[in-house]
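Worksheet: one structure, shown below.
None of these values were measured; they are calculated from a predicted model. One is the number of the first residue; the rest follow in order along the sequence.
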Amino acid sequence: MRPIFCAALALAAVTPVFSQAPPPAAPAAPAAPAALNIQQETEALINAAGALFAEAKYQEALAKLAIAKKNLNNKPFESILFTEGACHYNLNDYPKAIESLEAYVKEFPQGSALVDVRMALGRSYIASKQEDKGIEVLTDVVRNSPEKKAEAGLIIADTLNKQDKKDDALKILTNVLADGIRSAESIQAAMLAANIYVSSGKLDEATTLMDKVRNFASGGDSIAQMNNIYLKLGDEMMEKKAYKEALGAYQLVRKKAEISRIQTEQVAKLENQLKTAKGVRKDEIETKLKANKEIMAEIEKRTDYDASLYYRLGRCYYEMGSPTDAGAGDPSRLWQAILAFEVVVKDFKQFAQRDKCMYGLIMVNASLKRIKESRELCEQFIESFPDSDMVGEVSMMFGMLAYQNKQLKDAITSWKKALSFPKADKERLNFLIGSVQFEMQSFDDSRMTYEKLLQDFPTTTYKDDLQYRIALTYFYQNDSKNVTKALKTYIKDNPKGQYVVDARYRLAFIDFQAGDKKTAEAELLSIIKDAPNDQNIGQVHALLGDIYNQRADYENATIQFAAGVDKAKSDDVLTYTMDQVTDLYVGGSKWKELAEMWQRYYNTHKDNDDLALKAILWISRADIKEGKVEEAKKLLAEHIKTRIPIVANQQVEGLIQQLVSISAPKRRRVSSTPTPPADGTKSGEAAPTPAPAPELTFEDVEKQLEELLSPPQAAMNGTAQMRILFAKAWLAKVMKMPDKAEKFLTIIVEVAKPDDLSPMLLSIVGDSARKKGDFEKATGCYVRLRDLFKDSEFSDGAPVGLAEIAYEKGDYDKALELFRDALNNYPGSSHVLDATQGEAKTLVKLKKYDEAKKIFEQIANTKEWRGHATANALRMLGEIEALQGKHEAAIAYFQRVFIAHQKWKDEMAKAYLQCAKSFKVLGKSEEARKTLQEMIARKDLEGQPEMKEAEKLLPTM
């Protein structure tokens, strides 16, 4: 959210009225009798002027002084000049005030009121825009009159600040505050300095000063100004995204009720003091009383004062609770934000930024994943603030919240509803609706929405996108005729459109698919010539590579795929072209080129462990092929050792397998050299071949592997230990020691904790534990694999494994759901056959024979699945027929298994036994007996569990 701040309550410092110093006594006159009446008259006039001045009747006072001056032939008298200057000053007639005050300074340089006169003179200069003169006079006061240092310094600093001479102002204020904060003036100086610091971005200095002020001044004249500074301080911190510090500043701002209470108490206190005050003291109290009443009146006018503060607090809480690039936020702060925003929405109906607070509530609830509440607030917002500038944005958010929660249908419904909202951006909303329909692959609906948008907004800024996406709807529906027409229309209407290269590429792809590879090749070469650096050029090179590959023109295919690697802008294109180039380099034994390519890939992907280790795997393979086995070992061990404790790294096991394969000793051929005679070699005979060095034992290589793989002790954890055991198991497998391999695997299954296992080991341990009947451990592995590593290449084994467990437990509905989850949500899964077989056998248990039969027939007829899966499918088709009482048909399937698929002993044994049982049901005991005898006679089936049942069943036939 962008902050939209309210104006802060600004209360200016009270300017002292120039009336606090008493006028000097009237000058003594000669005692001549003739002058006595004039002297008395003059004294009376001066005294009357003083009384009128005290009553703030400045014009009347000046009139009395004019007569007195005439009586004295305009000779300068201290009391007259002082009072005259004071009257002009209080009447804001600064030129005349300056005239009188300058005369006083000139005539009475040692006058009793000289300091007050110079203070007023400095102020008058400043008020009449003669700032430099005023500063000069007041600087002299600071220098020579310690009692007025703070007051004069404050005026100078304020003047400099207004002239934007902030550094000079701070120097003066620092001097004023050198003696500490002990007076009203020093408090004002500190707050002015804090204000300057805030406006200059020196927030730490401002905070330090305000802490000192807060410790000294607890209310009275300063409270409103302190509030004002804390608000400014918080606002500046908010702008700098220092939300914690901003919150601290806002929390020091007093609420309106508290300020009103303090000001009311201050006014009452001053009114009580005024009852007994006299003279100058009375003037001081009246001045303060007037200022405090003005402050109170200003506060009472601000009905939105607390609302503004709650809005600021809500923003701080929201920003502190929201996730950032650095990590997750603090959810508790989001709940505090809700409380702050709700106060404004519910209790301050007239607050100008109330719509911003409700918007804040929408955002906070969205951050808390309270999608339902956020969307309800969106509707309330649109109903409550139809004229808000944010209605359009909230309308978008109304559907976007559903979209982000993967509720795509709800998002479309919401945006369609939002079209009727006031100020709705119908152009944008319809574009979003069409885009989500496109994402849902509802291509007809999407195309209709886009075409209607183009019709309603012919000059729309989305025209380029719309025309291209319309073409893509045909492309994904395999409508070559319409997509060709639409793409050509797009290119014609948008010759410089952002998708022109991609459109031309797709036209070439259509030609390629149709078998017109020459036309496709010519167009692709033309695209490369016209736009060699386009964002989509990588896929153009990739398709050209495919064309040359199909022609067996491997040299040009390599050139194009390599160019695709260099120009790829997406991970998909980069991965595809690198895989193709890798195959071509391997096929051509171009190990140096292979290593160099993967080294470049490593250099640009070293921050991503999975991708970096994939590169290391290929670099090491290239080294091995070039005979650099020790270099490969060193490279593999270096990268494995630093990552072996990291459970989420999926490539470590692949590197371990590679390292094991080159560490295991190669099996030697038996030497045909004859053994020399016992008495040695006879003269003239060839010397015998030296005895070969003894072969490395498993234990030798095991020890080497431990040294290569073991991280420092501090990094040794359960994950590292399990991976080292896996390396030993793999070594035993490579060295043809199945019992030893099984031993290590059993140890892993028994002692490993799912939290310590990588995705590959979770899959291996889960499957092993399941087959051994340890469903609890298997389930723990599968659930962790599914929930934490769903993007892993091994994650597809989780739903299949969980489904098998549910099947074994007899929970067939759950098993069916999980098998179908594996088929529907893991496209390209390596377990697709397992899931398909699982779905079919579960349907059999649920007695949905027709559905099961179709699936088993599909398995039996799928070329890629020929082998054990075919034998299993035929046997299961036989069981389905038998379960429905169709034993003749069942026998035909069973016989196909043990006649045509003898490689798969487990299926043969089951088929023999089931075939015999079907013969018995049909009353063909002789055929049943012969089938069992044939089965028992087969030596290759002796280890199958069905043999015992066959032996028991045979005597009953």
Interatomic distance, [X] atom [atom1] to [Y] atom [atom2] [nearest 0.5 angstrom]:
X: Gln650; Y: Ser792; atom1: CD; atom2: OG; result: 3.5 Å
X: Lys614; Y: Thr575; atom1: NZ; atom2: OG1; result: 5.5 Å
X: Gln902; Y: Asp940; atom1: CD; atom2: CG; result: 7.0 Å
X: His831; Y: Ser763; atom1: NE2; atom2: OG; result: 5.0 Å
X: Asp787; Y: Phe789; atom1: CG; atom2: CZ; result: 10.5 Å
X: Phe509; Y: Gln513; atom1: CZ; atom2: CD; result: 3.5 Å

Donor-acceptor contact below 3.5 Å, side chain [X] vs main chain [Y]:
X: Gln884; Y: Ile880; result: yes
X: Ser795; Y: Lys790; result: yes
X: Thr577; Y: Leu574; result: yes
X: Ser446; Y: Ser442; result: no
X: Tyr782; Y: Asp767; result: yes
X: Thr862; Y: Trp865; result: no
X: Asn482; Y: Tyr474; result: no

Ion pair [X]/[Y], N-O distance below 4.0 Å:
X: Lys771; Y: Glu804; value: no
X: Glu706; Y: Lys728; value: yes
X: Asp774; Y: Lys772; value: no

Could you tell me whether the side chain of [Y] reaches within less than 4.5 Å of the side chain of [X], counting heavy atoms only?
X: Tyr576; Y: Asp546; value: yes
X: Ile644; Y: Ile724; value: yes
X: Glu702; Y: Phe744; value: yes
X: Ile646; Y: Val652; value: no
X: Arg723; Y: Ser758; value: yes
X: Tyr807; Y: Leu816; value: no
X: Thr473; Y: Asp479; value: no
X: Gln651; Y: Asp609; value: no

Could you walk me through whether Val436 and Lys409 pass side-chain contact (heavy atoms from CB on, under 4.5 Å), step by step?
-> CA-CA 8 Å; Val436 175; Lys409 290 184 179 179; over 6 Å; no

Phe438 vs Tyr476 aromatic rings, parallel, tilted or perpendicular, using cut-offs 30° and 60°?
->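 Perpendicular, since the angle between the ring planes exceeds 60°.
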
Distance-only side-chain donor-acceptor flag, [X] / [Y], under 3.5 Å:
X: Tyr554; Y: Asp583; result: no
X: Gln539; Y: Asp572; result: no
X: Tyr912; Y: Glu934; result: yes
X: Ser661; Y: Trp730; result: no

Minimum heavy-atom separation for [X] to [Y], with atom names?
X: Ala860; Y: Thr870; result: O-CG2, 4.0 Å
X: Leu705; Y: Val660; result: CD1-CG2, 3.9 Å
X: Thr836; Y: Ile855; result: CG2-CG2, 3.5 Å
X: Lys910; Y: Glu946; result: CG-OE2, 3.3 Å
X: Phe856; Y: Lys841; result: CZ-N, 3.8 Å

Audit row: Lys924, Glu888, salt bridge (charged side-chain N to carboxylate O under 4.0 Å, His left out) steps and yes/no = CA-CA 11 Å; Lys924 298 180 178 182; Glu888 293 286 359; 3.1 Å; yes

Axial cation check for Tyr893 ring with Arg875, 6.0 Å and 45° limits |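 Judged by the rule, Arg875 and Tyr893 form no cation-pi pair.
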
Taking the six-membered ring of Phe512 (Phe, Tyr or Trp), confirm whether the NZ or CZ of Lys517 is under 6.0 Å from its centre and within 45° of its axis.
->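 Relative to the ring axis of Phe512, which defines the angle, Lys517 lies inside both limits.
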
Which is it for Asp700 and Thr697 under the side chain to side chain donor-acceptor pair (under 3.5 Å) test, yes or no, and what are the steps along the way?
-> CA-CA 5 Å; Asp700 293 332; Thr697 66; 3.0 Å; yes

For Leu611, all residues meeting side chain to side chain contact (heavy atoms under 4.5 Å, CB included), sequence neighbours excluded |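 So Leu611 forms a side chain to side chain contact (heavy atoms under 4.5 Å, CB included) with Tyr601, His605, Asn608.
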
Can you pull the salt bridge (charged side-chain N to carboxylate O under 4.0 Å, His left out) pairs that have at least one residue in residues 744-764, sequence neighbours excluded?
->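 Sorted result for residues 744-764: Asp755-Arg784.
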
Considering residues, nucleotides and ligands other than [X], do more than 12 of their heavy atoms fall under 6.0 Å from its [atom1]?
X: Lys905; atom1: NZ; value: yes
X: Arg866; atom1: CZ; value: no
X: Glu926; atom1: CD; value: yes
X: Arg896; atom1: CZ; value: no

Distance-only donor-acceptor pairs under 3.5 Å for side chains of residues 847-854, two or more places apart:
unit_1	atom_1	unit_2	atom_2	d
Glu851	OE1	Arg820	NH2	3.4
Lys853	NZ	Glu881	OE2	3.1

Do Leu757 and Thr719 pass the side-chain contact (heavy atoms from CB on, under 4.5 Å) test, and can you show the C-alpha distance, the side-chain angles, and the key distance before you say yes or no?
-> CA-CA 6 Å; Leu757 298 177; Thr719 300; over 6 Å; no

ring-ring contact (aromatic ring centres under 6.0 Å, His included) partners for Phe819, two or more places apart |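 Scan of Phe819 (ring-ring contact (aromatic ring centres under 6.0 Å, His included), adjacent residues dropped) gives none.
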
Can you name the ring-ring contact (aromatic ring centres under 6.0 Å, His included) partners of Trp904, sequence neighbours left out?
->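 Once residues adjacent in sequence are excluded, the partners of Trp904 under the ring-ring contact (aromatic ring centres under 6.0 Å, His included) criterion are His868.
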
Verdict with supporting geometry, Gln437 and Asp445, side chain to side chain donor-acceptor pair (under 3.5 Å) = CA-CA 7 Å; Gln437 290 170 332; Asp445 293 336; 5.0 Å; no

With sequence neighbours left out, what residues match Lys777 under salt bridge (charged side-chain N to carboxylate O under 4.0 Å, His left out)?
->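 For Lys777 there are no salt bridge (charged side-chain N to carboxylate O under 4.0 Å, His left out) partners, ignoring immediate neighbours.
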
Pair Met760-Gln657, side-chain contact (heavy atoms from CB on, under 4.5 Å): steps then yes or no | CA-CA 12 Å; Met760 180 179 179; Gln657 289 171 315; 3.6 Å; yes

Derivation of the side chain to side chain donor-acceptor pair (under 3.5 Å) call for Gln944 and Arg938 = CA-CA 11 Å; Gln944 299 300 320; Arg938 293 191 67 115; over 6 Å; no

